[in-house]
Undergrad: 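Before we start, here is the structure in question, set down as structure tokens.
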Protein chains: 4
Amino acid sequence: MARPRSEDKRQAILQAATRLFAEEGLNAPTARIAKAAGVAEGTLFTYFASKDELMNRLYLELKGGLRAEMAPAPPVQAGLREQLRHAWHIYVRWGAAHPDLRQVLAQLGLSDRVSEATRAEGMQAFCDVALLLQTAMAQGGLRRQPPAFAAALMGAMAEATMDFLAREPAQADSTSEAGFTAFWNALTQG
Amino acid sequence: MARPRSEDKRQAILQAATRLFAEEGLNAPTARIAKAAGVAEGTLFTYFASKDELMNRLYLELKGGLRAEMAPAPPVQAGLREQLRHAWHIYVRWGAAHPDLRQVLAQLGLSDRVSEATRAEGMQAFCDVALLLQTAMAQGGLRRQPPAFAAALMGAMAEATMDFLAREPAQADSTSEAGFTAFWNALTQG
Amino acid sequence: MARPRSEDKRQAILQAATRLFAEEGLNAPTARIAKAAGVAEGTLFTYFASKDELMNRLYLELKGGLRAEMAPAPPVQAGLREQLRHAWHIYVRWGAAHPDLRQVLAQLGLSDRVSEATRAEGMQAFCDVALLLQTAMAQGGLRRQPPAFAAALMGAMAEATMDFLAREPAQADSTSEAGFTAFWNALTQG
Amino acid sequence: MARPRSEDKRQAILQAATRLFAEEGLNAPTARIAKAAGVAEGTLFTYFASKDELMNRLYLELKGGLRAEMAPAPPVQAGLREQLRHAWHIYVRWGAAHPDLRQVLAQLGLSDRVSEATRAEGMQAFCDVALLLQTAMAQGGLRRQPPAFAAALMGAMAEATMDFLAREPAQADSTSEAGFTAFWNALTQG
DNA sequence: TATGAATGAGTATTCATTCAT
DNA sequence: GATGAATGAATACTCATTCAT
């Protein structure tokens, strides 16, 4: 029954793509990605029909990885603030721990080669966080804005925070905390 | 090469670059930029030594344009909040009015073809705003963070706000105001 | 490799090749041919050692199919003209009825991937017609030309006739007849 | 004013294409064509926007060359048969003298990469011959067929004749004459 | 200075064929 | 025998930059 398609190789290609996209940008040639993954040029295209598909899959893979980190949510009784704080710190720590993944995810997010559908699918994984945000913003100055606004602010502020973490890793925890406080205030203050 | 003759042509190239970068991304070919500017392919390179230089110059040009909009600052006696509010609204309105410029500026800001030096130079123009921010954050939860953190937050939050303005232009003013309130709270609340 | 197992599969591959060559030209990939035949990519190569061999076999298969149509020859006493007329109409009708086979046969006939040997073998099947031609041309203006010349003329004129049949199928019979008359005149007139 | 586009290079590319198409078929790579023409790979594309355009232009160029040979038509008073005979011999001799051009023209004529428009344009050059054919067929067995039928027959029969010329060049004149007689009989006999 | 033809390295993708399963 | 994953050479076309005019 012929060799089955190897999940190992698929992962190797995705990892190689991540590394090369981080190092050289999204223009990194598929030939080099394949080589870095230890497969032949043509093999890449048995796993991903085109470079675009590779990019879309990688986007989902990275989003999924981040999502997985968030899996062990805090006890529900922890209160709204605590739950959001938990999500924030995981997000920020993930970005600090994996600057390459973060960078590639950001690049992919901006590229028009990642489809609307892929973005939507990537978003879905975070609907529980979206729900928390919606509740939290209900009383503050943002109460008249669409829920997605809060999500956008959270993303933007967390990214800005990570940029600073990167520069001074020593004070990672306090910076992340400061960022969250700012975000919480933005979200909930009148 | 001495200063090129015609400032008009230089501007035409920069404008054509802006349009094409907006329409096709930073990969837009220099040949098409030149054509759109009404000059010959080779002429572009008498005004800008390379595509990279064109991109760096364009970055500064766009930042400068935004800066110019902010020029007529409000009376100093207006108070800190009012002055920042003024800057915020101008920034957000500029982005809403010129989505193409905003998009190109964002793309350039992320490209590694725009040098650190260029970025720094672009930042300088906004040192007065930076000063306001520094004062405003001195009392809030961000007081221990570097001043650039506040600037980064402002940029990130304003961009997120503009994204929403773009979707529902009817409520531009209230959305912008909500964004500013969120930002001010982030900046100044304990 | 001994004789491959399944004659069914061999035929399926030949038919799939015919269809795909007709639809996409001789560049149709073997992978797609295999898929259309309902076998695996590699299986194709257990039935035909290479794409070239597939093409050569298909050429003979198609020629053979045409030959088979001509099998029930008219009674010998029918006279020379009538016998040739019979062959002509069968040929032309076959082309009209199977435009895809005709097209593929023509493409293969022009391709240098079909060997001289294959062509010769394909020709042999029509030696009885060749004999008729030889007799018919013995008295006309072509009497000094090699017999193959008459065969070439017949093929060329019949093909041209079929092209016209294709455009106006309503008058198929009269067009075919006109073509034959022209051919007969070419062959036998002084 | 920069170097002007060089007609020499254009011709060199067309000739190189002719040679390589004759030697290797229409799949001959553009890179090799360029090299054979003595220009850089990319240069080919400043003269022809794509391989398809190169093929279409070459088709017209070859048709035009053949047409040019026919230019010095015989005196009109020569009579119908003589005029057609003149055209026939020029055509056949051209094919015999330039087997490569003939082969390439035939390949291009069959390729679907040569557009309908190009074919039509190529046909136009021969409208005077078409007129002769129309007159000649008016009385014979083909009188009810469309004029293009006669043209198709002429083309097909001339091509078949050239194939035989190629094999026995010694009797070129008599073979060509025999071919014409056959054609004339096909066209005009009842 | 302005022009645009010339260059050739660089890129995504295809495909006949092989071979491990 | 049958399968289909693996291979890597091959291909049309692009583009920043140079330089002859």
Side-chain angles (χ1 to χ4, degrees), chain A residues 1-6 9-10 27-35 38-54 113, chain B residues 1-6 9 27-35 38-55 113, chain C residues 1-6 9 27-35 38-55 113, chain D residues 1-6 9-10 27-35 38-54 113:
Chain A
M1 301 293 163
R3 222 170 314 183
R5 226 179 271 183
S6 146
K9 274 181 189 153
R10 209 187 98 101
N27 292 324
T30 52
R32 203 138 60 210
I33 293 171
K35 189 168 202 178
V39 302
E41 265 181 72
T43 300
L44 186 149
F45 292 95
T46 73
Y47 286 86
F48 304 94
S50 65
K51 191 178 184 183
D52 276 22
E53 191 187 312
L54 170 59
R113 303 177 72 170
Chain B
M1 303 275 160
R3 269 290 166 69
R5 267 294 164 66
S6 153
K9 278 184 187 159
N27 292 324
T30 52
R32 203 138 60 210
I33 293 171
K35 189 170 199 178
V39 302
E41 272 179 66
T43 302
L44 186 150
F45 292 92
T46 71
Y47 287 84
F48 303 94
S50 67
K51 193 179 183 183
D52 275 22
E53 191 187 312
L54 169 60
M55 292 167 88
R113 304 177 71 170
Chain C
M1 304 278 159
R3 270 291 165 71
R5 269 294 163 65
S6 153
K9 277 184 187 160
N27 292 324
T30 52
R32 204 139 59 212
I33 293 171
K35 188 170 200 179
V39 302
E41 272 179 65
T43 302
L44 187 150
F45 291 94
T46 72
Y47 288 85
F48 304 94
S50 67
K51 192 179 184 184
D52 276 22
E53 191 187 311
L54 169 60
M55 290 166 88
R113 304 177 72 170
Chain D
M1 300 294 162
R3 222 170 313 182
R5 226 180 274 184
S6 147
K9 274 182 189 153
R10 208 187 99 99
N27 292 325
T30 53
R32 202 137 62 211
I33 294 172
K35 189 169 201 177
V39 302
E41 266 180 71
T43 301
L44 185 150
F45 293 94
T46 72
Y47 286 85
F48 304 94
S50 64
K51 192 179 183 182
D52 275 22
E53 191 186 311
L54 170 59
R113 303 177 71 169

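All heavy atoms count here, side chains included; hydrogens, waters and symmetry mates do not. In what follows, every chain begins at residue 1, and chains take the letters A, B, ... in the order their sequences are listed.
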Undergrad: Looking at F:dG8, I'd like to know if its phosphate oxygens (OP1 or OP2) sit under 4.0 Å from a side-chain N or O belonging to A:K35.
TA: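 For F:dG8, neither OP1 nor OP2 has a side-chain N or O of A:K35 closer than 4.0 Å.
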Undergrad: For B:E53 and B:Y47, which heavy atoms make the closest approach, and how far apart are they?
TA: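 Closest approach of B:E53 to B:Y47: OE2-O, 4.3 Å.
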Undergrad: Answer yes or no: does a side-chain N or O of D:T46 lie under 4.0 Å from OP1 or OP2 of E:dA5?
TA: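 Result: no.
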Undergrad: Would you kindly give the CG-to-P distance between B:L44 and F:dA16, to the nearest whole Å?
TA: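 Taking atom P of F:dA16 as the reference, CG of B:L44 is at 9 Å.
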Undergrad: Measure the spacing between NZ of D:K51 and CG of D:N27 and express it to the nearest 0.5 Å.
TA: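 That separation rounds to 6.0 Å.
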Undergrad: For DNA chain E, produce a single dot-bracket line, 5' to 3'. Pairs: Watson-Crick or G-U wobble, both distances under 3.5 Å. Symbols: ( ) within strand, [ ] crossing, | other strand, . unpaired.
TA: .||||||||||||||||||||
Undergrad: Would you indicate, yes or no, if F:dA2 has its OP1 or OP2 atom less than 4.0 angstrom from a side-chain nitrogen or oxygen of C:K9?
TA: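 For F:dA2, OP1/OP2 do have a side-chain N/O of C:K9 under 4.0 Å.
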Undergrad: Less than 4.0 angstrom between a side-chain N/O of D:Y47 and OP1 or OP2 of E:dA5, yes or no?
TA: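 False: D:Y47 side-chain N/O out of range (4.0 Å or more) of E:dA5 OP1/OP2.
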Undergrad: Side chains of D:L54 and D:I33: closer than 4.5 Å at any heavy-atom pair?
TA: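 Yes, side chains in contact.
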Undergrad: Rounded to the nearest angstrom, tell me the gap between atom CD1 in C:I33 and atom P in F:dG4.
TA: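 Whole-Å distance recorded here is 17 Å.
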Undergrad: Taking for each residue the nucleotide of DNA chain E bearing the nearest heavy atom, is the 5' side occupied by B:T43 or by D:G38?
TA: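 Looking at the nearest nucleotide for each, B:T43 comes out on the 5' side.
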Undergrad: Applying salt bridge (Lys or Arg N to Asp or Glu O under 4.0 Å), can you list everything that pairs with C:R113, at least two apart in sequence or on another chain?
TA: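 If we apply the salt bridge (Lys or Arg N to Asp or Glu O under 4.0 Å) test to C:R113, skipping adjacent residues, the hits are C:D52.
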Undergrad: If every non-hydrogen atom of C:A40 is compared with every non-hydrogen atom of C:A34, which pair is closest and at what distance?
TA: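 That closest heavy-atom pairing would be O-CB, 3.6 Å.
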Undergrad: Which letter, B, S or -, goes with each nucleotide of nucleotides 11-16 of chain E from 5' to 3', with contact meaning a protein heavy atom under 4.0 Å?
TA: SSBBSB
